[in-house]
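Here's the structure, in structure tokens; my notes come after.
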Amino acid sequence: MAGGLGRQGWYLETYGRNLAKFAPGERRETVRYRLQPAERGGEPDQDTRDAYREMGWTYVCSTVAGRGISGVKTEFHIWRCETPPCRSW
């Protein structure tokens, strides 16, 4: 869904438990998002940011910790790629 909004010029800016905030920008045909499990919470370290940047990804935000169906606390870092092809692990 978030990638489809990029075609309309809207990009994910923040993501909370019950609310996602989008900001206006340039319309793009291809926008992809990637979730990376966050081990410690907070933002990704500089080495991780550099590795993702080299593959064409930009850090967007991190999710707020929530509890999944299993009751386990989960958090994610969210990355965006606007220029295909983006490399991944």
Side-chain angles (χ1 to χ4, degrees):
M1 177 179 151
L5 289 172
R7 282 187 222 110
Q8 299 173 31
W10 291 97
Y11 296 90
L12 183 65
E13 190 172 81
T14 60
Y15 186 90
R17 284 193 183 131
N18 299 313
L19 182 67
K21 181 179 175 184
F22 291 83
E26 183 180 331
R27 292 179 181 202
R28 297 206 184 261
E29 219 25 64
T30 304
V31 177
R32 292 186 289 169
Y33 288 89
R34 177 185 180 101
L35 296 176
Q36 174 200 18
E39 295 178 16
R40 302 180 300 277
E43 296 186 357
D45 60 38
Q46 193 59 49
D47 289 339
T48 301
R49 286 176 184 253
D50 291 343
Y52 269 87
R53 188 177 303 113
E54 287 177 18
M55 293 186 290
W57 296 90
T58 303
Y59 173 71
V60 176
C61 64
S62 294
T63 64
V64 175
R67 297 212 183 267
I69 294 172
S70 63
V72 175
K73 192 174 182 181
T74 57
E75 294 182 40
F76 294 93
H77 299 308
I78 302 175
W79 303 86
R80 177 177 53 237
C81 180
E82 300 173 16
T83 310
C86 295
R87 296 182 324 192
S88 296
W89 281 285

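This is a predicted model, so every value here is computed, not measured. Note: hydrogens, waters and symmetry copies are ignored here, and every other heavy atom, side chains too, is used.
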Check whether any side-chain heavy atom of Trp10 lies under 4.5 Å from a side-chain heavy atom of Pro24, and answer yes or no. yes
Sequence neighbours left out, what passes side chain to side chain contact (heavy atoms under 4.5 Å, CB included) with Gln46? Give chain and number order. Arg49, Asp50, Arg53
Classify the angle between the aromatic ring planes of Tyr59 and Trp79 as parallel (below 30°), tilted (30 to 60°) or perpendicular (above 60°). perpendicular
Between Ser62 (side chain) and Glu43 (backbone), is there a donor-acceptor pair under 3.5 Å? no
Would you please name every residue forming a side chain to side chain donor-acceptor pair (under 3.5 Å) with Glu13, sequence neighbours left out? Lys21
How long is the gap from CD on Gln36 to CH2 on Trp57, to the nearest 0.5 Å? 11.5 Å
Rounded distance [0.5 Å steps], OG1 in Thr58 versus OH in Tyr11: 11.0 Å
Looking at every heavy atom in both Ala20 and Leu12, which two are closest together, and how far apart are they? CB-CD1, 4.0 Å
Starting from the C-alpha separation in whole Å, work towards a yes-or-no answer on side chain to side chain contact (heavy atoms under 4.5 Å, CB included) for His77 and Tyr52. CA-CA 11 Å; His77 299 308; Tyr52 269 87; over 6 Å; no
Check whether any side-chain heavy atom of Arg7 lies under 4.5 Å from a side-chain heavy atom of Glu29, and answer yes or no. yes
Could you measure the distance from the CZ atom of Arg28 to the CZ atom of Arg80? Nearest 0.5 Å is fine. 9.5 Å
Could you measure the distance from the OH atom of Tyr33 to the SG atom of Cys81? Nearest 0.5 Å is fine. 11.0 Å
